[in-house]
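Throughout, numbering of the chain's residues begins at 1 and tracks the sequence.
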Amino acid sequence: MLARSLVVALALAAGALAVFAFAPFSAAAVAFASLALLFVVWNHATTPRQAAALGFAWGVGLFGLGASWVFIALETFGGMPLPVACIATAGFVAYLALWPALAGWVAVRASPGPSLARPFVAAGAFVLGEWLRGYVFTGFPWLALGYSQLPASGALALAGFAPVGGVYLVSLAVALVAAAAAGLVAALTTYRRRQAYALVAFAAILFGAGALLRPLEWTHPVGAPLAVSLVQSNVALRDKFDPAFRPQNYALLAELVRASRGRVVVLPESAYPQFADEIPAAVLEDLAAIARERDGMVLAGLFVLLPPAAPGSDERIHNSVVSLSALPPQLYRKHHLVPFGESIPLKGLFGWFINSVLHIPLADQAAGPALQPPFTVAGQRLAVDICYEDAFGGELAIPARDATILVNVTNDAWYGRSIAARQHNQIAAMRALETRRTMLRATNTGITSVIAPDGRVLDQLPWFTRGVLEVDVTGRDGNTPYMRVGDALVLLLAAGVIAVATWVARRRAAA
């Protein structure tokens, strides 16, 4: 019993260790070590149930430390009572941990062990679990291991797979290297030198292939450079939704826009935290006049209230971005909403309870269309997304086909000074790398940044300061392989890895 408890503790510690592979720590090698440790203990698990328990412990370590900032949004800013916020956060972490638990169950159930092949079954199952976590119940793809290979300084070798198959293909490459390391442990302990050499060669081939893919541009520059100003207003949440603060907010944003130099000025998510028809016409007209003077546009975050879609239904609230210029307004309405923060799942059953314990303004919103045209300005086409929509690479790759520049507007103030904002900036960098387009981020409190098509963070504003980031951006045209096929490639490869490794493991066991 003691030995079993120690193994569970090892899996828990390995999961917590994985957090340091992501921003802001960016110790990318830790991702391989953490996953290899998990695969080693899975390789020695005697039952699928035991492997599931170990995977669950690993997941609790990863998400309990890496996504603990959810508590800040619920309790500090959402007004949820402390005990309820603790229970809700623990439940959220436990749910996320079910996916590595499922991967462990599949790995041991599918393959006799211990063996050199079982870690590869685990690698395929782990990545399929990551992908499912990003889609089931609207998805939470945060902390996919592929992000660990993209520090702010630029893509590491395995990140070269991102334009081919997205972040999950990078995750698969990480998992396969970790599987090779776990298999190497098994080979060395059983004195199988030939297999050990083969596993080292396999890992080297993966790194070499990623390194060869990394410099490929896939897309090409288009049009003249565009001067863009990214505004970081740094308005505290306690003030942001206070009606008494509105006049001060109008003056603040107008001052920042006037002080900017860009032909395009981007304000953060919900820069005006009210409905469009509640904003004085003179406020928006002032911004439009500035845009006309520059032959450009101002992108403003606000909310749009539309009539009910059907008789007897509620009015529709849309988290939106609108263009202000000499041209007719262009509008983007957020499509992928945050459960419980922007939408209430199973509202008829649980809406009353959620509304009684969680007090987030405008928390019952409607989703915009899945496909919306890019904003056009100065010969460029801007694909706009709002907040954590940029965590869904497969969804963002579709509108990126018609765009030359990516724009993300965000308000990560909900998570205070936690690691969430830095993780989010790393996620946005992966979207730039997958599509080989510049990503522009305008956020309320940070991180406001400009990210190059190769995933490097070129410049950013200091966190929790007020200012404007000035940048010249060249748009890019053309599609990467990932923009054409999405996640289909990695799903086929992961399933293929499971099938081949399972066949090898069972054949060796029968021999």
Side-chain angles (χ1 to χ4, degrees), residues 8-9 12-13 15-20 22-25 56-101 133 136-143 234-245 269-270 273 317 319 337-365 387-388 391 410-424 443-447 463-464:
V8 171
L12 179 70
L17 181 68
V19 175
F20 295 93
F22 301 95
F25 313 103
F56 184 82
W58 188 91
V60 168
L62 173 64
F63 301 111
L65 185 61
S68 57
W69 39 261
V70 168
F71 174 83
I72 299 173
L74 296 177
E75 193 273 340
T76 304
F77 298 117
M80 184 176 281
L82 178 62
V84 180
C86 290
I87 294 171
T89 303
F92 178 64
V93 169
Y95 161 72
L96 296 176
L98 291 176
W99 294 107
R133 174 165 61 84
V136 175
F137 302 132
T138 79
F140 187 79
W142 221 271
L143 295 174
N234 194 37
V235 176
L237 280 182
R238 66 176 179 273
D239 297 327
K240 189 176 183 69
F241 292 95
D242 182 0
F245 183 75
E269 177 189 12
S270 61
I317 299 172
N319 187 354
L337 304 177
V338 180
F340 304 108
E342 295 174 325
S343 65
I344 302 176
L346 301 175
K347 180 180 176 182
L349 292 176
F350 303 114
W352 63 273
F353 175 74
I354 298 300
N355 289 329
S356 66
V357 299
L358 189 60
H359 307 288
I360 294 179
L362 303 168
D364 188 11
Q365 300 175 22
C387 194
Y388 101 139
T410 296
N411 180 21
D412 283 335
W414 288 103
Y415 309 107
R417 293 183 178 271
S418 69
I419 58 179
R422 300 187 188 278
Q423 291 174 347
H424 196 180
T443 73
N444 179 23
T445 55
I447 299 170
W463 208 11
F464 286 91

Which atom pair, heavy atoms only, marks the closest approach of E75 to M80? CG-O, 3.6 Å
Sequence neighbours excluded, which residues qualify as side-chain contact (heavy atoms from CB on, under 4.5 Å) partners of L17? V30
Establish, yes or no, whether the cationic atom of R133 lies under 6.0 Å from the six-membered ring centre of F140 and within 45° of the ring axis. no
For F20, give me all partners under ring-ring contact (aromatic ring centres under 6.0 Å, His included), at least two apart in sequence or on another chain. F25
Applying side-chain hydrogen bond (donor to acceptor under 3.5 Å, both in side chains), can you list everything that pairs with N234, at least two apart in sequence or on another chain? none
Heavy-atom closest contact (A420 atom, W142 atom, distance): O-CZ2, 3.8 Å
Note, Y388 side chain near V338 side chain (heavy atom, < 4.5 Å): yes
Would you tabulate the side-chain donor-acceptor contacts of residues 62-70 under 3.5 Å, counting partners in other chains and residues two or more places apart, or write 'none'?
| from | atom 1 | to | atom 2 | distance (Å) |
| --- | --- | --- | --- | --- |
| S68 | OG | L65 | O | 3.2 |
| W69 | NE1 | G66 | O | 2.9 |
| W69 | NE1 | Q423 | OE1 | 3.1 |

To the nearest 0.5 Å, atom OH of Y415 lies from atom CD1 of I72 at 10.0 Å
Go through the structure and list residues passing side-chain hydrogen bond (donor to acceptor under 3.5 Å, both in side chains) with D412, not counting sequence neighbours. H424
Looking only at heavy atoms, the pair that brings P100 and G59 closest together is CG-CA, 3.8 Å
Is the side chain of T76 donor-acceptor paired with the backbone N or O of A73 at a distance under 3.5 Å, no angle test? no
N411 side chain reached by K240 side chain, heavy atoms, under 4.5 Å: yes
Using residues 85-97 as the side-chain source, report each donor-acceptor pair under 3.5 Å to any protein atom, sequence neighbours left out, with the distance given to one decimal.
| from | atom 1 | to | atom 2 | distance (Å) |
| --- | --- | --- | --- | --- |
| T89 | OG1 | A85 | O | 2.8 |
| Y95 | OH | W99 | NE1 | 3.3 |

Drop me the distance from L12's CG to W58's CH2, to the nearest 0.5 angstrom. 11.5 Å
Using a 3.5 Å distance criterion without hydrogens, assess whether the side chain of T443 forms a donor-acceptor pair with backbone atoms of G446. yes
So, N444 and E269: side-chain donor and acceptor under 3.5 Å apart, yes or no? no
Check whether any side-chain heavy atom of I419 lies under 4.5 Å from a side-chain heavy atom of F22, and answer yes or no. no
